Amino acid sequence: MNSSVRVRFAPSPTGPLHIGGVRTALFNYLFAKQHNGTFVLRIEDTDQTRYVPGAESYIGEALDWLQIPYDEGPGREGGFGPYRQSERKAIYHDYIAQLIASGHAYYAFDSTEDLSELRAQAESQGQTFTYGVANRNTLNNALTRNPAEVTTHLDAGRPYVVRFKIPENRTLVFNDLIRGDVTIQTSVLDDKILFKSDGMPTYHFANVVDDHLMAISHVIRGEEWLPSLALHVLLYESFGWTAPKFAHLPLILKPSGKGKLSKRDGDAGGFPVFPLEWAAEGVVSSGYREQGYAPAAVLNLLAFLGWNPGTEQEVFSKNELITAFNLSRVLKSGAKFDPEKALWFQNHYFQNILDSELVPAYRTYTKSLGVDSGLLDTARIIELVKPRASFVRDLWTQSAFFFEAPTAFDPQGVKKAVKTNTCVLLSGLGDFLGGVADFTQDALSERTKTWALDNDFGLGAVMMPLRLALVGSMQGPDVFAIMAVLGQKETRQRIAYAITSFG
């Protein structure tokens with residue numbers, strides 16, 4: 001294992017962390033841990049106009065909830081900080097000065113109005129305006145002004161940006177660990193802005209400087225950054241630095257149709273696209289945590305969005321994912337998001353939680369509904385209904401009848417279960433149950449079946465109306481288990497109520 005492996009997850013604090021960003025964080029985390037490396041969180045907040053309060057803390061909380069915590073980052077210093085780009089401003093000024101001095105970057109004084117006019121002219125001719133090799137020597141920049149004029153402009157405080165000088169007529173070939181060799185002609189590239197007029201670096205520049213200074217060995221990021229790869233590689237070259245290895249992950253696509261997965265898709269499909277709930281401007285967006293998903297289920301879901309282990313195994317613990325993960329098995333094509341698969345993973349993990357471990361969450365949930373579930377054997381109730389549940393809320397849906405005696409009965413159940421002699425049968429059964437001393441599931445099963453046989457009642461003629469009386473429908477777990485949990489008094493009261501309703 002190579003302990004020099006250092007990867008980073010570098011989100012912008014512009015809102016909630018999308019599930020695609022979480023997938024990127026997960027793949028970086030798995031790669032780092034597999035190589036005994038370091039997982040770095042860097043907050044890329046160079047665009048202060050888009051900064052959203054609370055977004056940074058949301059990112060850290062989401063990673064911690066998913067149990068993929070960062071090793072270095074804000075609040076977890078590792079000797080490579082600061083880890084917020086807004087706190088590294090002085091560093092960027094030093095490095096942009098280096099590029100200008102070496103001729104790889106230049107000041108550009110073109111006004112917003114001038115550039116807008118040039119774009120409009122190009123559009124009128126059916127073309128797209130780009131600032132680069134073809135026209136940079138005709139525009140208002142340090143390439144067309146003598147050094148004295150440039151100094152005068154700078155001393156006068158004239159607004160400027162710093163642009164990268166794309167080399168002419170070069171064919172760039174670089175390797176992507178997922179996509180193989182990528183070839184780009186520099187003639188199609190424009191002179192990107194590296195430093196903005198507000199004195200802050202652009203993403204491209206800060207990203208490269210920070211990755212170098214933080215000794216990042218592998219850049220694992222989304223496919224949307226693939227078009228920027230040429231510029232980033234050229235920046236490394238201009239500084240004389242060794243570039244990290246790159247891997248661009250496939251997009252996460254809508255469940256149906258074309259395009260990237262969006263919040264709108266989640267709203268329409270009734271599933272979250274954020275790890276945690278997010279509230280802004282009076283609108284609350286649901287999160288996997290608040291919907292009751294287990295962190296392990298979400299990780300398992302995300303791991304399979306663009307990665308294939310090469311085996312039939314679908315359920316992985318985090319440690320198993322660390323062992324199995326390999327960038328060579330990450331797919332190039334986009335991965336469709338499947339909400340049903342998310343539920344499948346959740347059900348698997350939910351069924352493997354010990355019943356006793358679910359008791360506190362179940363009691364908290366029922367308390368929020370005004371129900372004191374501690375009055376009955378909560379662990380036993382959970383054991384009975386859990387096979388039909390994937391979330392704590394499902395446990396309540398399946399078990400509400402334990403705490404709320406039915407006052408109405410399913411019409412289809414009544415039609416199927418209630419016959420001419422049903423009320424007489426239930427009355428006799430109620431009296432019989434009043435004399436049962438051992439009110440346990442096994443004893444009730446044995447004695448009730450014997451009672452039905454002794455009185456010439458078919459077992460179905462007894463069990464169907466009995467279930468209806470206890471539950472209000474033909475659903476639910478074993479009838480005798482229900483009776484044992486309810487107890488003798490409540491069981492007989494429900495039978496008595498049903499008799500008055502059926503009669």
Side-chain angles (χ1 to χ4, degrees), residues 1-45 52 54-85 87 210-211 214-222 244 247 249 272-278 287-307 315-327 342 345-346 349 353 357:
M1 294 296 180
N2 185 355
S3 60
S4 65
V5 166
R6 289 176 57 84
V7 298
R8 51 53 167 194
F9 176 52
S12 297
T14 56
L17 184 60
H18 187 274
I19 208 72
V22 181
R23 193 272 310 264
T24 298
L26 172 62
F27 282 18
N28 274 278
Y29 174 89
L30 295 176
F31 185 82
K33 297 308 161 186
Q34 186 179 73
H35 293 86
N36 292 329
T38 303
F39 175 46
V40 179
L41 174 66
R42 186 173 70 229
I43 302 299
E44 303 208 333
D45 56 351
V52 174
E56 181 184 325
S57 60
Y58 177 101
I59 292 165
E61 187 178 352
L63 296 180
D64 285 343
W65 175 68
L66 288 164
Q67 297 169 29
I68 50 173
Y70 58 92
D71 302 306
E72 288 180 23
R76 301 175 194 173
E77 300 302 315
F80 291 85
Y83 295 93
R84 296 182 187 90
Q85 288 186 333
E87 298 172 1
D210 288 345
D211 281 347
M214 293 183 181
I216 300 302
S217 63
H218 296 75
V219 172
I220 304 169
R221 59 189 180 185
L249 307 175
V273 296
F274 304 128
L276 314 180
E277 186 176 88
W278 176 263
Y288 279 91
R289 181 179 66 181
E290 288 72 20
Q291 285 212 2
Y293 278 83
V298 179
L299 287 189
N300 234 147
L301 169 72
L302 294 177
F304 277 83
L305 287 174
W307 172 74
V315 178
F316 287 78
S317 68
K318 189 174 75 172
N319 286 337
E320 287 175 328
L321 282 174
I322 290 171
T323 300
F325 184 76
N326 194 310
L327 284 173
F345 279 119
Q346 170 61 17
Y349 281 99
I353 300 174
E357 292 179 1

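This one's a predicted model, so the numbers in the text were calculated from it and none came from an experiment.
Two residues are said to be in side-chain contact when any heavy atoms from C-beta on lie closer than 4.5 Å; V52 and P13 fail this criterion. Contact annotation: the side chain of E56 approaches that of P74 to within less than 4.5 Å [non-hydrogen atoms, C-beta and beyond]. Put simply, the side chain of Y70 does not reach to within 4.5 Å of the side chain of F9, judged on heavy atoms. For the pair H35 and V7, the minimum side-chain heavy-atom distance is 4.5 Å or more. Contact check for W307 versus L327: no side-chain heavy atoms found under the 4.5 Å cut-off. With contacts defined as side-chain heavy-atom distances shorter than 4.5 Å, the pair Y58/P275 qualifies. Using a 4.5 Å cut-off on side-chain heavy atoms (C-beta onward), Q34 and T323 make no contact. For the pair I19 and F274, the minimum side-chain heavy-atom distance is 4.5 Å or more.
The distance from atom CG of D210 to atom CZ of R84, rounded to the nearest 0.5 Å, is 13.5 Å. Taking CG of N300 as the reference point, atom CD of E320 lies at 9.0 Å (rounded to 0.5 Å). Distance CG/N28 to CD1/I68: 9.5 Å, rounded to 0.5 Å. The line from CD1 of I43 to CD of Q85 is 9.5 Å long, rounded to the nearest 0.5 Å. To the nearest 0.5 Å, the span separating OH on Y29 from CD1 on I220 amounts to 14.0 Å. Of the inter-residue distances, the one linking R8 atom CZ with M214 atom CE reads 10.0 Å to the nearest 0.5 angstrom.
Taking the six-membered ring where tryptophan is involved, the planes of F316 and F304 are tilted, since the angle between them lies from 30° to 60°.
A distance-only check finds a donor-acceptor pair linking the side chain of S12 to the backbone of E44 [under 3.5 Å]. Between the side chain of D71 and the backbone N or O of F39 there is at least one donor-acceptor pair closer than 3.5 Å. No side-chain donor-acceptor contact under 3.5 Å links Q346 to the backbone of A297. Judged purely by atom type and a 3.5 angstrom limit, Q67 has no side-chain atom pairing as donor or acceptor with the backbone of P295.
Of the options L63, I59, T24, a side chain to side chain contact (heavy atoms under 4.5 Å, CB included) to P11 is made by I59 and by none of the others.
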Practice task
Walk me through it: do L26 and L66 pass the test side-chain contact (heavy atoms from CB on, under 4.5 Å)?
Solution key: CA-CA 9 Å; L26 172 62; L66 288 164; over 6 Å; no
Practice task
Begin from the C-alpha positions of E61 and R289 and carry the test salt bridge (Lys or Arg N to Asp or Glu O under 4.0 Å) through to its verdict.
Solution key: CA-CA 11 Å; E61 187 178 352; R289 181 179 66 181; 2.8 Å; yes
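V40 and I216 get closest at one heavy-atom pair: CG2-CD1, 4.4 Å. Looking at every heavy atom in both residues, F80 comes nearest to A215 through CE2-CB, 3.9 Å. Contact record, L302 with R23: O-CG, 3.5 Å, taken as the closest heavy-atom pair.
Taking the six-membered ring for Trp and the full ring otherwise, F27 and F325 have centroids separated by under 6.0 Å.
Every residue was checked against the salt bridge (Lys or Arg N to Asp or Glu O under 4.0 Å) condition with R221, not counting sequence neighbours, and none meets it.
Residue pairs meeting the side-chain hydrogen bond (donor to acceptor under 3.5 Å, both in side chains) criterion with at least one member in residues 72-83, sequence neighbours excluded: R6-E72, D64-R76, E72-Y83.
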